[in-house]
Structure formats: structure tokens, C-alpha cells
Amino acid sequence: MTLRDTVMVQGVMAVQCTPEATIIARATGAQVADEQDKSPLAVPRSGERRRVLRALCAVGLALPMASRAQGASGAASPPAENDQLVFAFGERAGEAIAPDDLALGTEQVFAYPMDPLTGEVRNGTRLNQIVLVHVDPAGLSEQTRARAVDGIVAYSGVCTHTGCDITDWDTSSNRFQCPCHESQFDPSDGARVVGGPAPWQLAALPLKLVDGLLAVAGEFEGRVGFMQPGLDPLGGLGR
Amino acid sequence: MNDRSRLYSVLAALVLGLVWIPGASQGVADYNPVTDERLRNPEPENWLMFRRSYDGWGYSPLDQIDTGNVAGLEPVWTVSTGMTEGHQAPPIVNDGVMYVTTPLNSVLALDAATGDTLWQYRRQMPFDIRLGHPTNRGVALYGDKAYMSTSDTNVVALDAATGEVVWETVVEDYNGGYYMTGAPLAVNGRIMVGVSGGERGIRGFVAALDSETGEEIWKSYTIPGPGEFGNDTWPGDSWQTGGAPTWVTGTYDPDLNQTYWGTGNPGPWIGDARPGDNLYTNSLVAFDVGSGEITGYHQYHWNGSWDWDEVSAPVLIDITRDGQTVPGLVHAGRNGYLWLLERRSDGIGFIDAEPYVNHNVFTRLDPETGRPEYDPERKPGLGKSATFCPSLHGGKNWPPAAYNPVTGLFYIPANDNLCTTMAGEEVEYRRGQQFVGTDIRETSLVEGADHVGELQAWNLDTGERVWMHEFGEFSNWGPILTTAGGLVFLGGTADRWFRAFDGMTGEILWQARLNSGITGVPSSFAIDGVQYIAVQSGWGVDAAGSQRRVDGLFGNPETIVPQGGVVWVFALPGQ
């Protein structure tokens with residue numbers, strides 16, 4: 001990684017290592033703005049600052065967002081086009097998922113993406129957890145149909161409210177439900193929020209078939225995970 | 001620490017995904033350290049811990065504000081916390097310095113008389129955390145430090161005067177389903193903390209850290225391991241993921257040097273999945289503060305199958321029975337029974353228990369031990385649906401009850417007339433994920449019921465409920481403050497009213513409509529002869545979900561309760 005730039009915007013220190021990886025360290029506006037080094041996050045000036053920022057980038061911060069290019073390797077890399085989808089848990093963990101594995105109207109299956117070239121399952125972060133479900137294709141919204149394989153749709157398995165796993169399924173309404181605060185999402189319509197406190201829909205993952213197996217057709221559309229008030233940890237990255 | 005080492009610390013923190021950001025600090029001049037003596041005998045003007053005193057009363061001996069003048073109570077100052085979700089912490093006050101914690105583990109230090117901000121600590125959560133209950137219930141003060149347990153399962157010690165981090169200890173791995181929300185309990189150089197995660201396959205515990213260094217002194221599990229008493233109440237390896245969290249601060253008896261904690265539900269929720277009593281889930285557990293040894297327990301209900309966490313610590317109250325004064329432990333159970341127990345040096349005795357809300361599960365209590373027998377039709381099983389009352393949220397959830405020695409009454413924030421229907425399902429343990437094993441739960445009303453939320457006042461010596469206030473079609477999630485002025489303060493309802501009741505009669509004497517619903521623990525303190533009432537408003541977490549269901553049951557549109565935390569401080573005019 002090379003250090004390209006730093007910017008200061010309204011008390012937000014953005015450390016930009018590459019166009020793909022942006023680390024935002026949010027501090028109180030006054031602290032960063034006056035640069036009095038009172039705060040541990042206050043960044044020293046000139047050369048010292050550059051060394052620190054370079055070090056920040058060099059360690060990669062072990063964050064999943066630090067590598068986002070399509071096809072990037074690494075267990076913490078987000079799903080990329082052509083990744084295969086494999087079972088995340090259970091007796092078949094790691095096995096590729098075929099459409100027939102998902103019965104119409106049954107609860108979601110948890111999956112991880114797998115790099116088709118290396119066979120590496122991208123399970124290095126739970127932010128890569130994907131929920132797959134098979135719903136009536138006739139009921140899909142136009143946008144959701146464009147991402148689906150027949151009635152099979154895929155979304156981030158992490159709730160946008162406080163980050164819990166989307167493990168529950170309401171069979172009466174065919175909706176995802178978060179077990180923590182009962183936010184409900186409609187898988188037929190972009191996983192939009194239809195109940196509970198979640199602020200926005202689950203990130204959607206476009207699907208396609210490769211050799212009869214479910215595969216990723218593109219990056220997550222939307223934000224993965226939740227947002228801490230006053231701090232946008234994944235801002236600008238589209239995850 | 002020089003600049004370079006400080007920077008490396010920041011680097012390390014960033015790599016871990018943890019960043020602490022103290023705000024512009026005015027600091028506190030001449031901070032008055034908190035000693036064991038002060039905690040045992042707190043000055044009337046101070047509120048030094050979660051419930052003010054080790055006995056858990058939630059009682060202030062201040063009486064400037066009383067039943068005769070409370071109608072004139074007015075706001076003095078407010079401040080926003082900058083956070084949403086459920087604000088539950090009490091404003092904790094030491095000689096005019098107030099400490100409040102918020103969801104996502106920020107701490108505000110304030111001038112308690114003026115509202116001036118002194119310092120702020122903010123914490124950045126790891127990106128991949130699951131915030132099951134984004135809340136926090138306050139700091140512990142001890143020596144020259146303020147201590148907080150965090151959602152990412154750390155305990156952080158802050159310089160109480162400046163907010164700077166003195167030490168930070170990882171207590172458990174949040175990826176394993178653990179998180180922490182309770183205020184620590186400080187006793188004799190030990191900072192004791194409990195843990196959450198009963199829905200995520202944890203093994204609960206209470207841990208004690210050295211107040212100066214953060215090093216662990218003891219960690220005592222609330223589920224016994226192999227070879228320990230009670231392990232045989234768990235089949236196979238189920239003890240390893242059996243729950244028994246401890247997410248509400250314990251109480252403490254200095255004479256016995258024992259601390260008392262409540263434990264939560266077993267996991268998965270359905271008892272068929274783990275036949276046996278499942279010690280020490282849904283229990284009161286006594287620990288020796290010095291060693292962490294479990295010195296006694298009382299299990300309120302065995303083989304729990306209803307999500308009735310009994311995490312609220314028992315309140316230490318002397319009870320009169322047959323003309324004798326008995327050192328009591330009083331607990332308004334989530335299972336809907338009011339429990340009277342006896343604390344002894346050699347264990348815990350059973351005195352009496354009776355339901356305080358609609359209850360249909362227990363058919364009988366053993367008169368000697370208090371062990372309940374169950375109606376099997378009211379116990380959900382694997383593949384077997386059952387309807388039980390009270391609902392899974394219980395007759396009383398975490399909001400603390402209170403005891404007032406002036407009125408002689410025990411006050412319970414209750415929810416009545418709710419029931420839950422659920423059936424068990426097989427569930428696979430997946431580290432850190434939900435480990436509950438039920439279908440979608442349904443809530444229902446007892447037939448003919450016209451209200452849910454209640455404030456109940458009990459005479460523990462006679463076993464009589466003296467008065468009750470009903471909150472209509474609102475559930476009640478209001479922690480209670482009671483004062484020597486004969487008053488009972490609480491919010492707790494989705495209509496955003498913060499109220500003062502006459503502690504003897506239940507009459508509402510004052511109310512103020514705040515910015516959001518109030519689930520914060522109210523406190524009272526005094527500065528320069530002026531008594532103040534303080535509380536955080538900020539609706540969220542379980543209170544919000546509960547009210548959504550209650551709205552539906554009564555056919556009402558969803559009550560709109562805007563979120564956002566605010567600290568409110570009230571006093572009488574002209575003081």
C-alpha cells in the first residue's frame with residue numbers, strides 16, 4: 001500500500017491508503033481540529049504524521065474492508081463476482097450450494113462465499129455471512145428479480161440495526177426476522193424493512209448460476225452491518 | 001507515555017478495532033476518592049453506585065423534595081448524550097461530579113449542579129460485533145477511578161478526574177457471544193462484573209478484577225464444571241453453552257462479606273434440550289468476595305423453559321416474621337413471584353413466595369425449599385407449544401425495584417396480564433450466534449385484561465400489596481428511585497412521562513414529559529443544600545419491542561417514541 005493523501009473534514013480524519021481502503025478515525029471535532037495532541041488520536045505533524053499513517057496502512061488494520069478489489073484473495077475479503085456459495089454451518093459446511101438445496105418457502109440458509117480459484121472460504125469475518133432463501137419468484141420486485149436465480153435471493157446475514165445475525169424466519173409472512181430486536185425484512189423486495197427498529201434494508205448480493213451451482217454475480221449492493229451513532233465505520237465503501 | 005509510545009498504542013488499538021477518545025477535558029479539581037468506608041456508609045448527598053447503597057434499596061435519604069412540594073419540581077439543566085437506543089444507567093454522583101454511561105459505552109462526566117461537561121470517553125466498537133442489547137447501566141466509582149464494563153466484553157478503568165484510560169482488561173471474547181452491560185460492583189479493591197449472552201450459548205460467570213491493575217483475581221462460573229457440585233444437573237457437554245448470565249449488578253452484605261447476584265436463563269431456552277435442574281441458572285448465587293467461592297444459592301425455577309432471567313440482584317431488607325427480625329433477600333422475580341429469602345453465613349434459606357402478577361406455571365412451592373412444581377401444559381417443549389404467563393419478558397424485567405425504610409414499602413415495576421406462546425425447535429450451536437431454539441414467539445393478553453404496566457407497593461412484613469397504580473395500555477420498564485421525602489420516581493412508559501408518586505398512597509403528585517421514553521435508573525443527590533432528582537431518558541432495546549407487541553394486542557397503532565439520550569436534572573425552584 002502507498003500513502004496517497006490525508007484529508008481533514010469537519011473533525012473527521014480520513015486516512016486514505018488506497019482508493020479501495022479508507023480508514024476513518026472519528027474524533028471530537030475540537031480535538032482533531034486544534035491538533036493539540038491532547039487526544040491519543042491526535043495525529044502529530046508533518047513527517048511524524050506521515051510515518052504513522054503509513055504504518056496504519058502497512059498493518060492493513062486486519063479489517064475486512066482493507067481489501068475490496070474484485071477477486072481479491074483472503075478469508076476476510078468481501079464476496080466477489082464468480083465466488084461460489086458454500087454452506088456456512090452444519091454437516092455440509094464448506095460444500096457448494098445448488099438451487100435444489102433451497103426448498104421453496106423454508107427458512108434461510110447461512111452461506112459464505114468461496115474463492116473459486118483457491119478454494120478459500122471467505123469466512124474470516126462474519127460480515128461475509130450471507131442468508132439465502134427461496135421464495136415465490138412471481139412475488140419478486142423487479143430489482144430483486146434482477147439479482148435472483150429464479151426465486152433464490154441472497155442478502156447480508158448481519159442486521160442493520162445492531163449487527164445481530166438474521167437467524168429467524170417468520171413462516172407466516174415469509175420474512176427474515178432478527179432475533180435481537182425483531183426487525184423484519186422482506187426478501188422478495190430487496191430485504192426492505194417491514195417491521196422493527198432496523199434503519200435500512202439488508203445489503204443484497206446478486207446471484208447467478210455457474211455449472212449449476214449458486215455463485216456471486218456482483219458485489220454487495222448496500223451497506224453491510226450497522227452504523228454506530230456519530231461514527232460511520234464503513235462509510236464510503238459501499239459495504 | 002511519550003508521543004511515540006502513545007502513537008503505537010493507538011496503532012494497536014486500531015488494529016484491534018478499539019479506539020478510545022476522551023473529549024476536551026476540563027477535568028475535576030480536588031476529586032474526592034471513593035473509599036470502602038464511603039461505599040458502606042454513603043453520604044446522603046451522594047449516589048456512589050448503581051443502587052446508591054450495597055443493599056440495593058435505590059433509596060436516597062434526602063428529604064428536601066417531599067410529598068408536599070414535589071408538584072413544583074422543575075428542570076434545572078439537560079444535556080444530550082449523542083446516542084440512541086436504551087439509556088439505562090443512573091446518574092452517579094460523587095461530591096458534585098456526575099458520571100453517566102450510554103449505549104455504546106460512552107461516559108460523560110458533568111458538573112452536577114450546572115451541567116458543564118468535564119470530560120467524555122467514547123468507545124468505538126469492533127466492526128463485527130453483535131450488539132444484542134446496546135445499553136449500559138453505569139459506572140462503579142472506587143478510589144480515584146471510574147470503571148465501566150463494555151459491550152465488547154472489556155472493563156475499562158478511567159481516571160475519574162480526567163477521563164484518561166488507566167487500564168483496560170479483556171474479560172472474555174465477544175466473538176463467543178459474550179457482552180457486558182451491567183455496572184461493576186466495587187468492594188475491597190475488587191471490581192466485580194457480570195456478563196450477558198444467555199441467548200448465545202455462553203457459560204456465565206462473575207469476575208473480580210484488581211481495582212489498581214485490572215488483573216483478574218477470580219472468575220467464578222455460574223455453571224459448574226466437571227467435578228464441581230451441580231455439574232451433574234447438565235447432560236453431556238451442555239454445561240459449556242448453558243447460559244446463566246449475570247447482567248445486573250449484584251448486592252453486597254459487608255458483615256458476611258458475601259455478594260449476591262442473580263443469574264439468567266439457560267440456553268437453549270427449552271428445557272427438553274438439557275434435562276436436569278441446570279444449576280445455577282435462574283438462581284440467586286452468593287459469592288465470597290475474597291475468593292469468589294460460591295457460598296450459597298437458591299434456584300428460583302429449575303430447567304427453565306420460559307426465558308425468565310432472574311438476573312436482578314436480591315435486595316437486602318430486614319423482614320419481620322413471627323416477631324423476629326430476619327436478614328432478608330427480596331426478589332421480585334421475572335417468573336412473577338415475589339421471593340423472600342434469608343441470608344445466612346452458611347447459605348440461603350427460603351421464607352416465602354407468592355405471585356404478584358398473573359401466573360399459570362407453578363402449581364405448588366415446596367414449603368421448606370421453595371422449589372416449584374410445574375403444570376406440564378404450561379412448559380414449552382421440543383415440538384410442543386405452550387402458552388405461559390407471565391410472558392417471556394416477565395412480571396418484572398431488569399428495571400430495579402426499590403425499598404423505602406420511611407414508608408416501609410417495597411416498590412415493584414411490574415408488567416401484568418401478558419403471556420407468551422412458543423414451541424421448542426432443535427438448534428445447532430454456532431459460536432456467538434443466537435442459541436435459543438424456539439419458533440417465532442407470540443404474545444397474548446389474559447382474557448379481559450385492561451392494562452399491562454403496574455407500579456406495586458408491598459408491605460413485606462405482612463405480605464400484603466398496599467397499593468397499585470396501573471399504566472393502562474403501556475408496559476412499564478421504569479427503574480425506581482424512592483426518597484426520604486416519601487416519594488417514588490419512575491418513567492418506564494412509552495408516553496414519555498417521568499412521574500413522582502406518593503409512596504404511601506400511590507397518588508401521582510408530579511409528572512414531566514421528557515424527550516423520549518425513560519428506562520434510566522433515576523438518582524438523587526444534593527449540592528450546597530439543594531436536592532436534585534436526575535434521570536436519563538432514551539427509549540430502546542427490550543422496552544421498545546415490548547411496547548410494539550402491547551400496542552398490537554390492544555389494537556392500537558404503534559406508539560411513536562423518538563429515540564435519543566438526554567440527561568435531565570430537576571430541583572425545586574428558589575433553592
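Just so we're on the same page: letters track the sequence lines, and every chain starts at 1.
- At most 12 non-hydrogen atoms from other residues, nucleotides or ligands lie less than 6.0 angstrom from CD of B:Glu426.
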Would you check, one step at a time, whether the test side chain to side chain contact (heavy atoms under 4.5 Å, CB included) holds for B:Arg130 with A:Asp165?
-> CA-CA 8 Å; B:Arg130 304 166 172 96; A:Asp165 308 288; 2.4 Å; yes
Does the pair A:Ile166 and B:Gln434 meet the rule for a side chain to side chain contact (heavy atoms under 4.5 Å, CB included), with working shown?
-> CA-CA 9 Å; A:Ile166 306 290; B:Gln434 198 83 353; over 6 Å; no
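- Interface remark: B:Ile440 contributes side-chain atoms only to the contact with chain A (heavy atom separation under 4.5 Å).
- A 4.5 Å side-chain heavy-atom check between B:Glu85 and A:His161 finds at least one atom pair inside the cut-off.
- Listed in order of number, the residues of residues 556-563 of chain B that approach chain A to under 4.5 Å between heavy atoms amount to none.
- Of the two parts of A:Glu107, neither the backbone nor the side chain holds a non-hydrogen atom closer than 4.5 Å to a non-hydrogen atom of chain B.
- Between chain A and the options B:His133, B:Arg200, B:Glu199, B:Arg430, heavy-atom pairs under 4.5 Å are most frequent for B:Arg430.
- The distance from atom CZ of A:Phe89 to atom CZ of B:Arg431, rounded to the nearest 0.5 Å, is 12.0 Å.
- Between B:Phe127 and A:Leu127 the shortest heavy-atom distance is O-CD2, 4.0 Å.
- Between A:Thr162 and the options B:Leu131, B:Leu104, B:Ile129, a side chain to side chain contact (heavy atoms under 4.5 Å, CB included) holds for only B:Leu131.
- When heavy atoms are compared at a cutoff of 4.5 Å, B:Val541 approaches chain A by way of both its backbone and its side chain.
- With values rounded to the nearest 0.5 angstrom, B:Asp542 atom CG is found 6.5 Å from A:His181 atom NE2.
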Please lay out, stage by stage, how B:Arg549 and A:Glu182 fare under the test side chain to side chain contact (heavy atoms under 4.5 Å, CB included).
-> CA-CA 11 Å; B:Arg549 278 186 287 276; A:Glu182 301 177 357; 2.4 Å; yes
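- The two atoms that bring B:Gly132 and A:Cys180 nearest to each other are CA-SG, 3.8 Å, heavy atoms only.
- Surrounding CD of B:Glu428 are more than 12 heavy atoms belonging to other residues, nucleotides or ligands, all under 6.0 Å away.
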May I have the step-by-step check of side chain to side chain contact (heavy atoms under 4.5 Å, CB included) for B:Asp439 and A:Trp169, ending in yes or no?
-> CA-CA 9 Å; B:Asp439 61 354; A:Trp169 176 253; over 6 Å; no
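- Contact of the A:Asp168 side chain with the B:Arg441 side chain is registered, since non-hydrogen atoms from C-beta on lie closer than 4.5 Å.
- Heavy-atom distances place both the backbone and the side chain of B:Gln433 under 4.5 Å from chain A.
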